[in-house]
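For reference, the structure is listed below as structure tokens.
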Amino acid sequence: NLVKLKGFKVKKILIKNVKSFINEDVRLDGWVYNKRSSGKIGFLMLRDGTGILQGIFFKPEIGELLFNEFKTLTQESSVSVEGKITSNEKAEGGCEIQVKNLIIHNISKDYPITPKEHGTDFLMNNRHLWLRSKRQHSIMKIRHEIIKATRDFFDNNDFTLIDTPIFTPNACEGTTTLFATDYFGENAYLSQSGQLYNEANAMAFGRVYTFGPTFRAEKSKTRRHLTEFWMVEPELAYCDLNEDMEWGEKLLEFIVKRVLSNRQLELKILGRDISKLEKIKAPFPKVSYTECVEMLNEGGFNFEWGGDFGSPEETFISEQYDKPVIVHRFPTQIKAFYMKRDPENEKVVLGMDFLAPEGYGEIIGGSERESNLEVLLERVKHEKLPKNEFEWYLDLRKYGSVQHAGFGMGIERVVAWICKLPHVRETIPYPRMLQRLRP
Ligand code: 4AD
Ligand code: MG
């Protein structure tokens, strides 16, 4: 192999760029995705993380020695090849490489994930390897695109990215889903949301967003809940509920458009019906919680005003539309302490949820925030929250309090919807759920 290394004097390139190197000699580094041979010709499907390319090993040209080395290759062995890129209409991607030289770095023995069908549990236990498969690879590429689009959207619209802490002394989204950890003798909780800090940041910068991992001790097994998920949260000073909705609409439209233009190949691999995504254009339908209750009861549910929507209710509501639907003005009793009450009806708050179509349910949750000190104090007391831990937050209502609003979008829920996946466990590289901490 060392002798052959001498031959590797050509340019090292990525498979995604091979089209620009037709008739040139190049080097590719990757792993064996698949392999077969017929008589004097060996076919190697090489993957390098950016794409898959067919390599041709033609025995009369490369000789017996190299051809025998090709024969030893197994699925997921790591190799470098050198050869000439040629165009071939029949090959995947329109190109292939006529291999002249090969280095084997590691022969993979008994790779556990074979082209046959495997159960979900087996695949989840082998998540560290499963990520190499075409389908998982496509999902992660789309996840990357969604995150990049999200950040570009806010960056292009004068939002400043301000990071918020993960160790916190208090709850943002209710005390039942807190993860506690020992912080030098006192309890610290893993952040459920950066919102409260984000509100302080908005008073300093006007438009801000935070993006990071958030944690919730979700004790139920559903296809929508993770215990660790990534959330992007914009917050705006001088913003009301209507404007808040508009930002959410514009964001989702932007994300979908970007995925459609940059990730066609991946959507195709996933078999995604693109026509459904092409319909995602603002404005989106808006219905109040109260109207949703009527809709549910007409649809055969027996739903009482005042309750929280669960997955079946959300699925039913979102299935009525081919765009995300914005549900607003929820009962005060089911929503967080910081949501502003509707001045026209104290029983409801100026909160909103975006429910994704095709039955996906909530992907965004947000609200206008209570900006009045007395009302907020009363809400903190009513929820039995430790007032001393909220002193700094209450300061925001003492020093230049203004109307403000924001929302949180769960990245994994958006990935699940855009890729049309049956479960959020495939939307994040290493999912954390009730019964999964490994690998
Ligand atoms: O509706 P939520 O709880 O809202 C908040 O946390 C607000 N503080 C956000 C804000 O206004 N700044 O969560 C927001 C979104 C949900 O719509 C959902 O997409 C996602 O976060 N989410 C989860 N995703 C995966 N697993 C879970 N357990 C999730 N809980 C919420
Ligand atoms: Mg919510």
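In what follows, every heavy atom counts, from backbone to side chain, and hydrogens, waters and symmetry copies are set aside. As the structure lists them, so they are numbered: ligands from 1, and atoms in each ligand from 1. Count residues from 1 along the sequence.
- Closest approach between the Mg ion (ligand 2) and any N/O/S atom of E362 involves OE2.
- Of all protein heavy atoms, the one closest to atom 17 (O) of ligand 1 is E362 OE2, 2.6 Å.
- By the 4.0 Å N-to-carboxylate-O rule, R341 lies close enough to E346 to be salt-bridged with it.
- Between the side chain of K323 and the backbone N or O of K281 there is at least one donor-acceptor pair closer than 3.5 Å.
- Taking atom 14 (C) of ligand 1 as the reference point, the nearest protein heavy-atom neighbour is M231 SD, 3.4 Å.
- Interatomic distance, S80 OG to L102 CG, rounded to the nearest 0.5 Å: 8.5 Å.
- The single protein non-hydrogen atom nearest to atom 26 (N) of ligand 1 is L226 N, 3.0 Å, given as residue, atom name and distance.
- In this structure, Y183 has its ring center under 6.0 Å from that of F167.
- When each atom of ligand 1 is checked for a heavy atom of R224 under 4.0 Å away, the hits are 25 (C), 26 (N).
- Looking only at heavy atoms of the protein, atom 5 (C) of ligand 1 is closest to E173 OE2, 3.3 Å.
- Checked options E314, E362, E412; the residue passing with R224 is E314 (criterion: side-chain hydrogen bond (donor to acceptor under 3.5 Å, both in side chains)).
- Nearest protein neighbour of atom 15 (C) of ligand 1, counting heavy atoms only, is G408 O, 3.6 Å.
- Contact analysis leaves E412 out of contact with ligand 1, as no non-hydrogen atom separation drops below 4.0 angstrom.
- Residue E233 touches ligand 1 through its side chain alone, judged by heavy-atom distances below 4.0 Å.
- For atom 6 (O) of ligand 1, the closest heavy atom belonging to the protein is R216 NH2, 2.8 Å.
- Nearest approach of E304 to Y289, heavy atoms of both residues: O-OH, 4.0 Å.
- For the pair R397 and Y393, the distance from NZ or CZ to the six-membered ring centre is under 6.0 Å and the angle to the ring normal is within 45 degrees.
- Closest to atom 19 (O) of ligand 1, if we only count protein heavy atoms, is I363 O, 2.8 Å.
- With a 4.0 Å heavy-atom cut-off, ligand 1 is reached by no atom of N198.
- The ring of F153 has its center no closer than 6.0 angstrom to the ring center of Y209.
- Ligand-side atoms of ligand 1 in range of I364: 17 (O), range being under 4.0 angstrom from any heavy atom.
- The protein heavy-atom contact nearest to atom 30 (N) of ligand 1 is F229 CZ, 3.4 Å.
- For a threshold of 3.5 Å applied to N or O pairs, the pair formed by S193 and ligand 1 contains at least one separation below that value.
- By the 4.0 Å heavy-atom criterion, R369 is counted among the residues contacting ligand 1.
- Stacking of K35 on the aromatic ring of F70 is recorded, both the 6.0 Å distance cut-off and the 45° axial limit being met.
- Proximity of Y338 to ligand 1, defined as any heavy-atom pair under 4.0 Å, is confined to the side chain (atoms from C-beta onward).
- Here W247 and F154 keep their ring centres 6.0 angstrom or further from each other.
- In terms of N/O distances under 3.5 Å, ligand 1 is not approached by P234.
- Annotation: cation-pi pair K335/F330 present, NZ/CZ under 6.0 Å from the ring centroid and within 45° of its normal.
- Using a 4.0 Å heavy-atom cutoff, E235 is absent from the residues neighbouring ligand 1.
- Residues F309 and F303 place their aromatic rings such that the two centres sit under 6.0 Å apart.
- For ligand 1, the atoms lying closer than 4.0 Å to a non-hydrogen atom of G365 are 1 (O), 9 (C), 10 (C), 11 (O), 17 (O).
- By the 3.5 Å distance cut-off applied to N or O atoms, E218 is counted among the residues near ligand 1.
- In this structure, a donor-acceptor pair under 3.5 Å is absent between the side chains of H404 and E368.
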